[in-house]
Amino acid sequence: MSAPAPSVIDLVTQHMTRVLYFDLSRYLIAAGALTLLLLVFRGFAENRKIQRGRRPTRADYTRELLSSMRTVGVYAVVTLAILAGRQSGLILLTIRDAALWTIIWQFALMVIAHDAWFYWAHRAMHHKRLFRATHLHHHKSRTPTPWTAYSFTMTEAVIEVAFVPVFLLVTSQLGIAYAGYAILFFIWHQMIRNVMAHAGSELFPAGWVDNPWTSWIATTTHHDLHHSSGHNFGFYFTFWDRWMGTEHPRYRETFREVTTRSRAPEAVAEPAE
Ligand SMILES: [Zn+2]
Ligand SMILES: [Zn+2]
């Protein structure tokens, strides 16, 4: 006789701390690591600043960090709901034993689907009837920092994270058991691209937007322009903005300008005695 399945309450109490730690640590690790890199390579970061003459204030950092804690809380609740969905059989998940190829195609499918979700949810939140209640808070960060990545209202956090359970419910209905590693890579890829998009300094190499093999992957300038002057609603890719005519008219020029600047003399060497 098999043991009875644990109740949802058992599941929540068993996993709550671990889930909260998982959701909090990836934000702190990704935003912290990028902040450290920008400090270590300060010369590069200063030279590649996208919004010259504007700086995030201490109040910006405080607001971003505090509201990100609320986002972590929302994400943890949704992660627990996904675990409960798996236990009830509504969501099909295989934690181990997935072939590498399965992990790769499932990861790619999830990223492509999330890019579409993000684009359309983001455009909807920019509608004048929704903007104030959902997305204005994220745009208080006019000059983004890696810590802007999770700076959402509670409503926006729910909209952002809802993609994962909705996607898994749909794939489960289609009989696809999602591999745990595919979801893990998706989550980390999302986090890393999110902090990169808010770095404030362009991280992608010069020529990126002019190479047909890379120009479809969105750069830091792409999302930074969204914060400073609108347009560019996409996240990972540039497809949707191109198809829908919402790409910033000076996106490519701005990227080229930022990535081909010569270093200011004072940033290169100390003046001779
Ligand atoms: Zn926006
Ligand atoms: Zn943003």
Side-chain angles (χ1 to χ4, degrees), residues 26-28 30-32 34-35 38 45 48-51 54-57 59-72 74-75 111 114-163 187 189-204 217-251 254-255 258:
R26 71 166 178 273
Y27 169 71
L28 295 180
L34 184 52
T35 303
L38 293 171
R48 291 281 197 106
K49 273 254 178 281
I50 299 161
Q51 296 180 41
R54 285 186 69 97
R55 298 261 158 197
T57 63
D60 287 326
Y61 282 106
T62 309
R63 185 190 61 252
E64 290 170 354
L65 204 62
L66 288 178
S67 51
S68 295
M69 294 306 108
R70 179 175 55 202
T71 299
V72 165
V74 171
Y75 283 22
V111 170
H114 183 223
D115 196 58
W117 175 283
F118 183 88
Y119 179 86
W120 289 105
H122 191 187
R123 273 195 77 174
M125 287 191 288
H126 271 270
H127 189 279
K128 58 182 185 299
R129 292 197 180 181
L130 297 177
F131 185 70
R132 188 166 283 276
T134 59
H135 192 49
L136 169 70
H137 184 83
H138 185 68
H139 278 278
K140 284 181 182 166
S141 303
R142 183 99 199 272
T143 316
T145 78
W147 305 93
T148 315
Y150 270 9
S151 181
F152 303 136
T153 56
M154 190 178 289
T155 317
E156 176 164 10
V158 170
I159 293 167
E160 301 289 354
V161 76
F163 165 75
I187 289 171
H189 172 256
Q190 181 279 128
M191 188 75 254
I192 291 166
R193 293 292 302 277
N194 196 348
V195 294
M196 285 175 73
H198 294 102
S201 296
E202 184 52 71
L203 305 172
F204 286 80
I217 297 174
T219 62
T220 307
T221 302
H222 194 266
H223 192 66
D224 201 284
L225 280 170
H226 176 69
H227 277 264
S228 63
S229 52
H231 298 85
N232 299 353
F233 296 92
F235 186 23
Y236 307 115
F237 307 120
T238 54
F239 304 134
W240 282 105
D241 282 300
R242 285 192 207 171
W243 290 336
M244 295 299 133
T246 50
E247 188 171 85
H248 194 287
R250 291 189 49 79
Y251 165 49
T254 308
F255 180 91
V258 170

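Start at 1 and go down the list; that is how both ligands and their atoms are numbered. Hydrogens, waters and symmetry mates play no part in the numbers below; they use all other heavy atoms, side chains included. Just so it is clear, the structure is predicted and the values come from calculations on it, not from any experiment.
Vertex the Zn ion (ligand 1), arms ending at NE2 of His139 and NE2 of His135: the angle is 90° after rounding to 10 degrees.
Between His223 and His227, the ring-plane angle classifies as perpendicular under the 30° and 60° cut-offs.
Using a 3.5 Å distance cut-off with no hydrogens or angles, the side chains of Tyr251 and Arg242 do not pair a donor with an acceptor. Side-chain contact, Thr57 with Asp60: a donor N or O sits under 3.5 Å from an acceptor N or O.
If you look at His122 and ask which of its N, O or S atoms sits nearest the Zn ion (ligand 1), the answer is NE2. Among the heteroatoms counted here (N, O or S) of His126, NE2 is the one nearest to the Zn ion (ligand 1).
Within the 4.5 Å cutoff, no side-chain heavy atoms of Met125 are placed close to those of His139.
At least one N, O or S atom of His227, from either the backbone or the side chain, sits less than 2.8 Å from the Zn ion (ligand 2). Inclusion of His138 in the first shell of the Zn ion (ligand 1) is not supported: no N, O or S atom falls under 2.8 Å. Under 2.8 Å from the Zn ion (ligand 2) lies an N/O/S atom of His198, whether from backbone or side chain.
In this structure a side-chain-to-backbone donor-acceptor pair under 3.5 Å is present from His198 to Asn194.
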